[in-house]
Amino acid sequence: MGKKKRTAIEPTRQEDYPEWYQQVIRAADLAEVSPVRGCMVIKPWGFAIWENMQATLDRMFKETGHENAYFPLFIPMSFLEKEAEHVEGFAKECAVVTHHRLEPGPEGGLVPAGKLEEPLIVRPTSETIIGAMFAKWVQSYRDLPILLNQWCNVVRWEMRTRMFLRTAEFLWQEGHTVHATEAEAREETARMLDVYATFAEEYMAMPVIRGEKTEGERFPGAVSTYTIEAMMQDRKALQAGTSHFLGQNFAKAQEIKFQDQHGQEVYAWTTSWGVSTRLVGALIMTHSDDDGLVLPPKLAPRHVVILPIYRNDQERSEVLPYCESLRAELEGLSFDGAPLRVQLDDRDIRGGEKNWQHIKRGVPLRLEIGPKDLAQEAVFLGRRDTGEKRSVPRSEFLANVVSLLEEIQQNLFAQALKLQKEHSHWFDDWDAFRAFFTPQNPERPEIHGGFAMARFVDTPAVEEKLKELKVTIRCVPLDAEPKPGKCLFTGEPTDRWAVFAKAY
RNA sequence: CGGGGCGUAGCGCAGCCUGGCUAGCGCGCCUGCUUUGGGAGCAGGAGGUCGCGAGUUCGAAUCUCGCCGCCCCGACCA
């Protein structure tokens, strides 16, 4: 009779969004903080989601002509120093290795010994080390393009960390390519942004805005940075992937040059692009609800979990074979080009508890199978995204399960798109813009704001003004039609406009 | 790195201000019985260097100082 329905996650999103996020991760058993400052342990369920992301992206990279390779974790400090903007961008957050040995200390314990002649940086990104290799590999226009990708970990010594969204060490992929012409490199940059956007929308069911970063938000050393931006359920923006056109900046810094068709020695054009385990955080904040994680079927480690219900050995001996055969039939079906991922969970714990575990972990479909279902040749189906529960004839379920998963995938996308649209507005008026981003209760800010679209001129003055509101320019959408008028912040005439939001 | 909060059993917390029996409570865990279509009930039980280190004191979870970690806000960033 409580006025509030009990939710699996407390607090709810409305009550305390950041805490809700932490609790979802715990309840779904995705990850834990580790004894190492700023670093997380990704647990099997969380890692399985990442593996599914990896598998799909890896296939997409290969379909676009890329090959995987691996470069060292350690980068000589002098490499990082080569590109001025690049150094400045990363210098503040680098882990530095200075010794190569440990010796017993004077009062027990160990002390570093064997000082390195040149300190090594634990890679925050690999432009420089890969560029050094590119310089060796590229001599002729016939060597180009080189299209590489690596899956690895990187370290950025962050002041403030959040599980999946920002940790000192994280997993990612970084693509690095070299091209003979600017046009080709630009095309590559655009192609990979498109791969990311497609992945986000079709696999993560997460609508994104494709856009270009302004000067202040650009990758250190890049000529242009492109991004996909997604809206989380607290209406903050999350940069979910970036693709950089590096121009000849790194080529010049690292002497990546070749002889073209005319025998002229020229600098090459490079790109880089990456997505990280941050995508898991994006996934959580896009779809999950007050009962825990909600997973889009295409990335769910399990599509269907079968929960046998029985009271005694007699019933058990009848129910289990029914479940087994159901599993076998389900595994014979295919969804998104692979066999259905099915779990038969016959652990000896209470049904209610077990059921909730799978709800909290976001399994798209649950089948509760007891004697009644056997008698009716039916399954009792629970659907995670809508919460709907109903009995369905077994044959009908088997005939429809694949399209049902498709429907869930579509539904999650539609819901997320609806949220994004509802909280995206055009602004011509500074006061309205400010009101949009000002919480009602500054002590304990409620969920507010969203994506604001407005005209602007790309100057530091604008970014200063935005700082007061804790708002950033997310991007200039790629499909932005020029809209002549005045800059919302400075009043100067302009036809450029951008998406503004509070961001992670 | 600046401001704020927190750190007591696996999780969530009380106790601290005003130092003093054996450090409690809820959930979870183990055992038994009863249950069983829905996050079970009863009984019994296990589990704690009270974040770490110094200090004050006859005596510290409690007071003082230092350090570490986590969370929130800021600066910075994927």
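Fair warning: this is a prediction, and the values are worked out from it, not measured in the lab. Convention: sequence-line order gives letters A, B, ...; per-chain numbering from 1.
- Comparing the C1' positions of rC17(B) and rA61(B) gives an interatomic distance of 14 Å, to the nearest angstrom.
- Comparing A8(A) and L165(A), the nucleotide of RNA chain B nearest to each residue sits closer to the 5' end for A8(A).
- Taking the P atoms as reference points, rG15(B) lies 14 Å from rG20(B), given to the whole Å.
- Checking Y504(A) against D234(A) by side-chain atom types alone, a donor-acceptor pair falls below 3.5 Å.
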Nucleotide by nucleotide, nucleotides 72-77 of chain B touches protein heavy atoms under 4.0 Å in the pattern (B base, S sugar-phosphate only, - none) SBBBBB
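- At least one test fails for K465(A) against the ring of F489(A): distance under 6.0 Å to the centre or angle within 45° of the axis.
- Contact annotation for K360(A): base contact, defined as any heavy-atom pair under 4.0 Å involving a base atom.
- Counting only N and O atoms by type, the side chains of E188(A) and H66(A) include a donor and acceptor under 3.5 Å apart.
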Distance-only donor-acceptor hits, side chain of residues 390-398 of chain A, under 3.5 Å, sequence neighbours excluded:
from: R390(A); atom 1: NE; to: E388(A); atom 2: OE2; distance (Å): 2.7
from: R394(A); atom 1: NH1; to: S325(A); atom 2: OG; distance (Å): 3.3
from: R394(A); atom 1: NH2; to: E329(A); atom 2: OE2; distance (Å): 2.4

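- Nucleotide rG53(B) forms a pair with rC65(B), judged by Watson-Crick or G-U wobble geometry with both contacts under 3.5 Å.
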For nucleotides 5-12 of chain B, print each protein N/O atom paired with a nucleotide N/O atom at under 3.5 Å, atom names and distance only.
from: rC11(B); atom 1: O3'; to: R26(A); atom 2: NH1; distance (Å): 3.4
from: rC11(B); atom 1: O2'; to: R26(A); atom 2: NH1; distance (Å): 3.0
from: rC11(B); atom 1: O2'; to: R26(A); atom 2: NH2; distance (Å): 2.9

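- Atom C1' of rA23(B) sits at a distance of 29 Å from the matching atom of rG41(B), rounded to the whole Å.
- When the nearest nucleotides of RNA chain B are assigned to F170(A) and V33(A) by heavy-atom distance, the more 5′-ward of the two goes with V33(A).
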Protein-proximity profile, nucleotides 27-38 of chain B, B/S/- by nucleotide at the 4.0 Å heavy-atom cutoff, equals --------BBBB
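- Heavy atoms only, all atoms of each residue included: W157(A) and A95(A) are closest at CE3-CB, 4.0 Å.
- Applying the salt bridge (Lys or Arg N to Asp or Glu O under 4.0 Å) rule to pairs touching residues 26-50 of chain A yields D29(A)-K43(A), D29(A)-R361(A), E32(A)-K43(A), sequence neighbours excluded.
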Reading nucleotides 45-50 of chain B from 5' to 3' and marking B where a protein heavy atom lies under 4.0 Å of the base, S where only the sugar-phosphate is that close, and - otherwise, the string is ------
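- The C1' atoms of rU8(B) and rA14(B) are separated by 10 Å, rounded to the nearest whole Å.
- Salt-bridge check for R384(A) with D289(A): passed, with a basic side-chain N closer than 4.0 Å to an acidic carboxylate O.
- The pair R350(A)-E353(A) does not meet the salt-bridge criterion, since no charged nitrogen lies less than 4.0 angstrom from a carboxylate oxygen.
- With a 6.0 Å cutoff to the six-membered ring centre and a 45° limit on the axis angle, K82(A) counts as a cation-pi contact of F79(A).
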